[in-house]
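Report on the structure given below.
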Amino acid sequence: MTDRTHHPALTTAQQAALTSGGDFWHTRALPEAGVEGIMLTDGPHGLRKQPEDGDALGIGSSEPSTCYPPACALGSSWDPALAERIGRAIALEAVAKNVSVVLGPGVNIKRSPLGGRNFEYLSEDPLLTARIGAALVNGVQSRGVGTSLKHFAVNNQETDRFRVSANVDERTLREIYLPAFEHIVTTARPTTVMAAYNTVNGVPAARNHWLLTELLRGEWGFDGVVVSDWGAVADRVASLAAGLDLEMPPSGREALVVAAVEDGSLDPAALDTAARRVLDLLARTAAARVPGGGYDEDEHHALAVAAAAQCAVLLKNDGGLLPLDPDGSARVAVVGEFARTPRFQGGGSSHVVPTRLESALDAIRATVTDPERIRFAPGFTLDGAADPALVAEAVEAVRAARHAVLFLGLPETHESEGYDRTDIDLPADQLALLDAVTTAAAACGTDVTVVLSNGAPVRLTPWQDRVGAVLEGWLLGQAGGTALARLLFGLDNPSGRLAETIPLRLEDNPSHLHFPGADGQVHYGEGLFVGYRYYDTLGVPVAHPFGHGLSYTTFGYDGLEVTPAGDNRFDVSFTVTNTGTRAGAEVAQLYVHERAPRLRRPEHELKGFAKVRLEPGESTRVTIALDERSFAHWSVRDHRWRVEGGEFELRIGASSRDVRLRAAVECAADGHRPVLTAESTVGDWLADPVGAQIIGAAMRAMADSVGIDTDDPLTAAMGASLPIGRIPAFVSSVTPEDIDRLVAAHREPTARG
Ligand code: BGC
């Protein structure tokens with residue numbers, strides 16, 4: 001596509017060098033060929049630019065950059081425009097720091113709440129992940145900086161992460177684990193895709209020809225560089241042959257590549273192509289290396305504040321307890337070390353050294369007119385050691401207050417790249433604090449709000465019923481403190497919605513019996529039924545459903561209209577009205593339910609959404625376009641997307657369990673006809689109109705010849721499962737040649753239409 005013609009001619013050794021990385025963060029420079037080395041740097045929610053000669057050892061040491069809300073929070077914004085703005089800001093910081101490729105976004109699906117890197121991923125739903133991920137890529141790349149879509153693919157756990165084989169059936173791969181990659185590759189054209197550490201169905205992702213070449217390039221048309229996750233390559237030559245262009249960081253094996261070309265075991269064209277793609281990458285990201293780029297740190301911090309305020313999710317708010325009055329005089333006990341020492345991002349390669357860090361405590365004091373109202377008690381320590389004196393102090397503060405706001409969550413050590421969690425509970429010392437505080441609060445009429453900081457869900461039962469309000473802050477980045485204060489005191493109105501279900505118990509999660517596997521294998525036994533696709537299909541009670549989130553205002557929905565817009569396409573329009581008294585934002589969600597699917601399908605699936613901001617009393621018309629894919633399933637028989645035709649229900653709602661409007665639409669069969677063979681059953685043949693015509697007459701003749709009543713339901717049911725090629729074994733008047741003739745008749749172009 002771009003610049004392919006201007007590349008210098010390189011020797012095999014130079015090509016091997018270019019595709020083998022330069023140092024931990026740079027591609028190889030080839031000064032003799034006029035090729036520069038470029039810098040690649042994490043990551044998804046802010047830059048982690050390590051010293052130019054750095055290595056992975058100092059994970060915490062990098063140049064300060066704005067720490068935007070990590071993916072777990074950004075997913076909850078349901079706001080692609082916001083993600084794009086953040087992407088643009090990250091790119092500006094990249095240009096200022098001479099970074100050419102930002103190693104993100106991470107778009108793997110949250111399969112289990114235990115997944116150690118869930119905080120780096122956006123959602124349990126492929127569509128939401130796809131939309132936010134595409135916006136991030138578009139934002140970063142709009143400034144000429146490259147991205148790395150990761151971790152391709154099926155990277156859903158940290159246990160045995162360099163080797164584990166994620167064993168997933170074909171339909172689940174296509175419907176759950178691949179669509180976000182597919183959407184982003186085909187619509188946003190990321191400059192690089194990062195091959196994951198793990199193995200997919202027995203073949204390591206980093207040398208998986210089907211994944212990296214047939215699917216990614218062949219089917220989706222990817223034209224960028226496939227880069228390895230750092231240290232993902234075990235067999236460099238096999239990886240190159242499979243379609244992995246760039247190994248990072250260098251592992252000192254480029255001589256093996258040269259030798260493989262020389263002894264004929266590696267096609268020189270494979271190396272040549274990989275080297276060209278790396279040169280293309282340099283050309284595509286040239287704008288990132290124009291000197292003199294700068295950015296306004298204050299402006300970027302302001303964006304981090306605005307973003308964080310859109311990500312927090314108000315889970316409950318009994319009796320409109322929140323927002324608190326910033327100008328009132330009622331005393332507020334702010335309890336919990338996280339109010340003073342924010343927990344704002346996860347550990348590992350995405351860790352950013354922020355340009356500044358605001359605590360909720362300072363921000364609350366700055367927000368209220370009279371800071372004397374605020375009394376702080378840490379309540380617990382970050383090391384999790386029980387401290388009765390801290391609990392007693394917190395209880396005393398709560399007794400003296402009208403409102404108690406508890407900042408609880410997961411300490412940093414609980415969530416990091418490199419390991420999975422083993423439970424979803426808050427630490428025991430925090431639960432003990434919660435118990436003591438709620439008991440005291442109940443006795444003296446103090447109301448209690450809990451603010452959570454955690455990268456993946458925590459168990460809310462049994463304590464949720466004992467508090468009045470819960471604000472799920474996820475991990476909000478460097479400006480989370482200010483955003484939380486603004487939300488608690490009503491300067492901003494919560495508009496985040498859950499991008500993942502919060503289960504009642506860990507054991508309710510559909511992957512529970514299969515996670516994280518053992519002996520190098522993890523079986524995705526829950527199949528398609530990930531997150532709400534499971535909970536809603538089986539009606540399993542949850543703490544809070546997918547898509548849920550409250551506001552300080554209320555929204556009404558009406559006027560649903562569905563307009564056909566071509567073959568199995570519809571424009572779905574409806575009106576959302578702010579029926580309350582404050583300005584606020586609603587996330588209208590569109591789920592599609594198939595009424596009588598032939599295959600088992602989830603109860604419904606998210607196929608569109610829109611975040612709308614409305615003044616009190618204001619209405620807006622929302623239109624969501626549904627394409628044919630919105631109704632399709634992946635056919636493992638035909639290895640393609642299929643719509644079989646039938647009735648679908650469109651559900652518009654404020655969560656997957658709060659449906660406000662419904663309409664039925666009829667989809668036509670997509671016109672794709674199956675290939676019928678001698679191994680196709682009588683049922684398969686009869687299900688296809690042309691097949692039915694062809695074998696109908698033959699079947700009747702056969703039945704007559706042996707005296708079978710084909711109208712007898714039992715006979716029909718038994719016969720339906722018989723491959724037609726086996727009929728000669730049961731009916732002596734039918735020969736194998738007769739069967740061949742039927743199969744040939746179906747192959748006739750006239751028959752196949
Ligand atoms: C992570 C990637 C990251 C890379 C470079 C790996 O350990 O899995 O997400 O981009 O390191 O830091």
Side-chain angles (χ1 to χ4, degrees), residues 21-27 38-63 65 67 70-72 74 90 94 97 99-110 115-122 129 133 136-137 140 145-164 166 180-181 184 190-200 204-206 224-234 244 246-251 281 345-353 415-420 455:
D23 64 25
F24 206 84
W25 297 118
H26 293 86
T27 62
I38 61 169
M39 187 168 203
L40 298 76
T41 286
D42 289 301
H45 63 266
L47 285 186
R48 181 174 69 108
K49 186 184 176 190
Q50 294 201 300
E52 294 272 342
D53 57 352
D55 59 27
L57 298 177
I59 272 201
S61 79
S62 56
E63 292 179 22
S65 68
C67 180
C72 57
L74 193 60
I90 290 176
K97 291 184 159 65
V99 168
S100 295
V101 177
V102 170
L103 300 174
V107 297
N108 298 95
I109 295 298
K110 300 184 199 221
R117 294 182 85 171
N118 278 12
F119 64 86
E120 283 187 64
Y121 296 145
L122 292 157
T129 299
L136 274 168
V137 169
V140 174
V145 175
T147 55
S148 198
L149 190 63
K150 68 188 187 183
H151 304 87
F152 191 55
V154 209
N155 182 258
N156 311 104
Q157 67 182 59
E158 292 301 276
T159 304
D160 201 8
R161 68 178 182 141
F162 286 94
R163 302 180 311 181
V164 69
F181 288 100
I184 298 166
T191 54
T192 81
V193 166
M194 187 186 289
Y197 287 137
N198 54 281
T199 291
V200 179
V225 164
V226 175
V227 58
S228 69
D229 197 348
W230 266 230
V233 173
L244 186 136
L246 174 63
E247 178 181 17
M248 286 296 291
S251 62
L281 174 66
Q345 64 178 332
S349 64
S350 68
H351 189 277
V352 170
V353 173
E415 292 178 296
S416 170
E417 179 177 341
Y419 49 88
D420 292 317

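Whatever order the structure lists them in is the order used to number ligands and atoms, beginning at 1.
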### Query
Which atoms of ligand 1 are found less than 4.0 Å from any heavy atom of Arg48?
12 (O)
### Task
Measure Arg117 to ligand 1 on non-hydrogen atoms and call it side chain, backbone, both or neither using the 4.0 Å cut-off.
side chain
### Query
Can you tell me if Met194 has a non-hydrogen atom under 4.0 Å from ligand 1?
yes
### Task
Give the single entry among Thr41, Asp42, Asp229, Leu40 that approaches atom 1 (C) of ligand 1 most closely by any heavy atom.
Asp229
### Message
Within this structure, what is the CG-CD1 distance for the pair Leu136 and Ile184, rounded to the nearest 0.5 Å?
### Response
8.5 Å
### Task
Identify whether the distance between the nearest side-chain nitrogen and carboxylate oxygen of Glu63 and Arg48 falls below 4.0 Å.
no
## Note on the structure
Within 4.0 Å of some non-hydrogen atom of Glu417, the atoms of ligand 1 are 1 (C), 6 (C), 7 (O), 8 (O)
### Message
Once rounded to the nearest 0.5 Å, what's the spacing between atom CD of Glu415 and atom CG of Asp420?
### Response
11.5 Å
### Task
Could you tell me whether Trp230 and ligand 1 have an N or O pair separated by under 3.5 Å?
no
### Query
Nearest 0.5 Å, what's the CE-CZ distance between Met194 and Phe152?
13.5 Å
#### Entry: Trp25 N/O to ligand 1 N/O under 3.5 Å
no
### Message
Once side chain to side chain donor-acceptor pair (under 3.5 Å) is applied, do any residues pair with Gln345, and if so which ones, sequence neighbours excluded?
### Response
His45, His351
### Task
Could you tell me whether Asp42 and Lys150 have a side-chain N and a carboxylate O separated by less than 4.0 Å?
yes
### Message
Quick check on contacts: which atoms of ligand 1 are under 4.0 angstrom from a heavy atom of Lys150?
### Response
2 (C), 3 (C), 9 (O), 10 (O)
